[in-house]
Amino acid sequence: MAELLEDGDIYFLYRPRVEEEHVDSLDEVQRLLVVMHPWQGRHLRLLVVGRKRLPDIEEHDRFWAFVDEVVDRPEQLHKALQARTYRTKTRDRREQPPARPAAEGAYVIARHDDHTHLAYELELPLRLGEAQHDLSIEPEASYIVTVKNPQAPSPPGVGLRGSQKVRLPAALQERFHGRRFAPLDPPGLLDHPGTEMVLIGAAHDASEELRIDLDAEVERAERSTIFGDLRIGRRERPVAPLFSGEWA
């Protein structure tokens, strides 16, 4: 049986590419965003998944991701989720639409043998559609997650650079013991912007694999919604993907 290290609410959003007011496919998505809200803390974490979708479970994909922001109040995430205006030399003013909700549910981080898992089960949408399929968001899934040692070198063109890289407190840096990667233990490694990790598709049935009752976790999550927890308005962005599963 896995040991539960953390649980909380999890929200999936996607940000359209610049000037793509309506999204019809993954090609028109710039970023897949994941917000984690631990129940044993007031802070929220904003993660960015590098491939614009979650790792495929069957293929055991390995995708890079990183912590973009850690905030104490949901209002502090508004800039990352709201519409943006860019000014360029060649095309003058360009608009990027706000991030759109795609799914919500509950998550756990668990220690399992010598590794750690991030697992979730969705509450919404009730029936997954094309948007969730393209983003590889499953009704329930588990991923092995390993954290990159920020003091270890990265291959050319891979990972964060310069001021984007995290400088962990000494106690957390020691968890690597000189290795390039370490399990996500403790989950507090995610409380530092710039933390990089690799997500590896592991299992569809996270409850059976980890012996953790994700249904009970979702029942606890019903007290929260992406609109109330993140303080984002329904009128500011399309919400159809969260309820119908269709792109918008």
Provide the closest heavy-atom pair for [X] versus [Y] in the form atom of the first, atom of the second, distance.
X      : Y      : result
Met197 : Thr195 : CE-O, 3.9 Å
Ala110 : Ile212 : CB-CD1, 3.7 Å
Glu217 : Leu4   : OE2-CD2, 4.4 Å
Pro186 : Arg175 : CD-NE, 3.7 Å
Arg15  : Pro97  : NH1-O, 2.9 Å
Leu26  : Arg53  : CD2-CD, 4.1 Å

Donor-acceptor contact below 3.5 Å, side chain [X] vs main chain [Y]:
X      : Y      : value
Ser142 : Ala206 : no
Gln132 : Ala102 : yes
Asp61  : Asp56  : yes
Gln164 : Gly194 : no
Arg161 : Val158 : yes
Arg237 : Ala99  : yes
Glu140 : Ser207 : yes
His78  : Arg231 : yes

Please list, one pair per line, the donor and acceptor atoms closer than 3.5 Å that link side chains of residues 148-155 to other protein atoms, with sequence neighbours excluded.
unit_1: Lys148; atom_1: NZ; unit_2: Ala152; atom_2: O; d: 2.7
unit_1: Lys148; atom_1: NZ; unit_2: Ser154; atom_2: OG; d: 3.2
unit_1: Asn149; atom_1: OD1; unit_2: Gln151; atom_2: N; d: 2.9
unit_1: Asn149; atom_1: OD1; unit_2: Gln173; atom_2: NE2; d: 2.8
unit_1: Asn149; atom_1: ND2; unit_2: Arg179; atom_2: O; d: 2.9

Against Val145, only a single residue in Ile109, Val198, Leu199, Leu190 fulfils side chain to side chain contact (heavy atoms under 4.5 Å, CB included); can you say which?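 That would be Leu199; it is the only one of Ile109, Val198, Leu199, Leu190 passing the side chain to side chain contact (heavy atoms under 4.5 Å, CB included) with Val145.
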
Please output the side-chain donor-acceptor pairs of residues 241-248 that fall under 3.5 Å, not counting sequence neighbours, one pair per line with the distance.
unit_1: Ser244; atom_1: OG; unit_2: Ala240; atom_2: O; d: 2.9
unit_1: Ser244; atom_1: OG; unit_2: Glu246; atom_2: N; d: 3.3
unit_1: Trp247; atom_1: NE1; unit_2: Asp134; atom_2: OD2; d: 2.9

Are any of the side-chain nitrogens in [X] or [Y] under 4.0 Å away from the carboxylate oxygens of its partner?
X     : Y     : result
Arg17 : Glu19 : no
Glu59 : Arg51 : no
Glu20 : Arg94 : no

For side-chain contact (heavy atoms from CB on, under 4.5 Å), just list the numbers for Asp68 and Leu33, CA-CA rounded to whole Å, side-chain angles, deciding distance to a tenth of an Å, and then say yes or no. CA-CA 9 Å; Asp68 192 32; Leu33 308 174; 5.9 Å; no

If you measure from [atom1] on [X] to [atom2] on [Y], what distance do you get to the nearest 0.5 Å?
X      : Y      : atom1 : atom2 : answer
Tyr11  : Tyr120 : OH    : OH    : 15.5 Å
Ile200 : Leu118 : CD1   : CG    : 12.0 Å
Leu214 : Asp205 : CG    : CG    : 8.5 Å
Leu210 : Glu3   : CG    : CD    : 12.5 Å
Arg127 : Leu122 : CZ    : CG    : 15.0 Å
Asp24  : Glu130 : CG    : CD    : 8.0 Å

Would you check if [X] and [Y] make a side-chain contact, meaning some heavy-atom pair closer than 4.5 Å?
X      : Y      : value
Glu123 : Val218 : yes
Arg111 : Pro183 : no
Gln82  : Glu236 : no
Arg167 : His192 : no

Ignoring hydrogens and geometry beyond distance, is a side-chain donor-acceptor pair present between [X] and [Y] at under 3.5 Å?
X      : Y      : result
Asp113 : His115 : no
Tyr107 : Glu6   : yes
Glu28  : His22  : no

Heavy atoms of other groups near His133 NE2, more than 12 under 6.0 Å: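 Count not over threshold, so no.
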
Is it the case that atom CZ in Arg73 sees more than 12 heavy atoms from other parts of the structure closer than 6.0 Å?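 Open.
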
Quick one: do [X] and [Y] end up in the same hydrophobic cluster if we chain Ile, Leu, Val, Met, Phe, Trp and Tyr together by side-chain heavy atoms under 4.5 Å apart?
X      : Y      : answer
Leu5   : Val67  : yes
Phe227 : Leu44  : yes
Val29  : Val18  : no
Leu54  : Leu135 : yes
Val34  : Val70  : yes

Apply side-chain contact (heavy atoms from CB on, under 4.5 Å) to residues Val147 and Thr116 and explain how you reach the verdict. CA-CA 10 Å; Val147 180; Thr116 47; over 6 Å; no

Take Lys52 and Tyr14, measure what side-chain contact (heavy atoms from CB on, under 4.5 Å) needs, and give me the verdict at the end. CA-CA 8 Å; Lys52 303 193 301 185; Tyr14 63 91; over 6 Å; no

What residue pairs, at least two apart or across chains, pass ring-ring contact (aromatic ring centres under 6.0 Å, His included) with a residue in residues 44-67?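 Listed by first then second residue: Trp64-Phe66.
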
With side-chain contact (heavy atoms from CB on, under 4.5 Å) as the test, would you mind laying out the steps for Leu124 and Glu104 before giving the verdict? CA-CA 5 Å; Leu124 289 175; Glu104 65 178 50; 3.8 Å; yes

